Amino acid sequence: MKSTITQTIDNNADRFKAISSFIAANPELGHEEFQASARLTEELAYHGFQIERGVLDIPTSFIATYDSGKVGPVIAFLAEYDALPDLGHACGHHLICMMSIGAAIGLKSVLAETGGSIRVYGTPAEETKGAKVPMAAAGLFEDVDIALMAHPYYTYEKSGESLAMDAIQYEFFGRSAHAAAQPYEGINALDAVLQLFNSINALRQQIKSDARIHGIISEGGKAPNIIPDYAVAQFYVRSASRTYTNELVQKVLHCAEGAALQTGCTLKTSFYEYSYDELLTNETLSAVFTEQLFAMGIEPKDIEIGKDHGSLDLGNVSTQCPTIHPFVKVVDEKHMLHTKEFRDLAMQEPALNAMIFTAKALAYTAYEVLNSPELLSKIKAEFAAEKK
Ligand SMILES: [Zn+2]
Ligand SMILES: [Zn+2]
């Protein structure tokens, strides 16, 4: 029956490539992906999926469902389709969405026999305010048996880890004064920000090696002859686990409180973006995907161990259901994500072929799970143990 999946994806390959190319040529930023969302849901509706648009009042999100009518697992494929400012689709999300949708349409062709149901989650704004966060918080993945997606890259990498992350803003309020005439009347908010940076730099010596704390001064005063009464720093605090990230956030808060005390400022903290959890890769499911790649002719030496890739909003999904996020090779030259070199190559025919190839690998992976209750229970046992 795998041949039915293959045939279905091959028969639709030109359509899938045309949609991906359209999205690449019309890049839209996070939460503005109206054209992409429309094209993707039209395609899913054409193939018989039921479409719910604007999930949780997120205008460019969607959930597309195809139910076999027979009891069985719920298979989720996740679609991203947002672009980057100036760079367009330099992260290859125009490929991600059609890898997942191609896989869903391929898998649908055998669902009458396997039973179960397929969902495609259209998840906007991965690069900024990742919609997977509110979708996960609303429990939309809780009844999902497995969630799959793949990310374009210059090499193959097994699904690995990503860092839990909090985005925190520290606002310091002081009092302005003439910096030469009456400096003693002032309370310098910029000094508080500088102290915060210095304290964090001292803290670095005592933190785990997987932690990352990095920030900018987003407001630091108006003119050198005015003591700044208001200054703002924005930081990302990240580490390999949510638990340790929470600890770090407390330590950084103490640095900020100390800076406020030293300078006489008052402090206000807030989150300026969603918090991401770390990605919990389901190793059992990940191994099934890797096996499919081997069977399709990819050699073990070509698949690297998953390395750290910053933070992903998929982390929050992975705490709700068994999840994988492998990287797949779509370009032949070594270019990093978020570069125009990667973007240009990711729009060309070899990348589109890699997208079709990956859609098949994702569909075959889901097919293996649909066909083996033992495999699914192993996947779920690992998930339960990891969640504790
Ligand atoms: Zn990106
Ligand atoms: Zn990306």
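All ligand and atom numbering here is 1-based and tracks the order in the structure. What you see is a predicted model, and the numbers here were worked out from it, not measured in a lab. These numbers come from the heavy atoms of this one structure, side chains and all, not from hydrogens, waters or symmetry mates.
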Practice problem: Check whether any side-chain heavy atom of Thr123 lies under 4.5 Å from a side-chain heavy atom of Met149, and answer yes or no. | Solution: no
Quiz item: Does Asp166 offer a backbone N or O that forms a donor-acceptor pair with the side chain of Ser275 under 3.5 Å?
Solution: no
Quiz item: Would the Tyr154 and His335 ring centres measure less than 6.0 Å apart?
Solution: no
Self-check item: Axial cation check for Tyr81 ring with Arg39, 6.0 Å and 45° limits
Solution: no
Practice problem: Assert yes or no for the condition that the ring centre distance of Tyr230 to Phe173 is strictly below 6.0 Å. | Solution: yes
Quiz prompt | Total protein N, O or S atoms, the Zn ion (ligand 2), separation less than 2.8 Å | solution = 3
Can you give me every donor-acceptor pair (side chain of residues 107-117, partner residue at least two apart or in another chain, under 3.5 Å) with its distance?
from, atom 1, to, atom 2, distance (Å)
Lys108, NZ, His47, O, 2.6
Ser109, OG, Thr8, OG1, 3.2
Ser109, OG, Gly106, O, 2.5

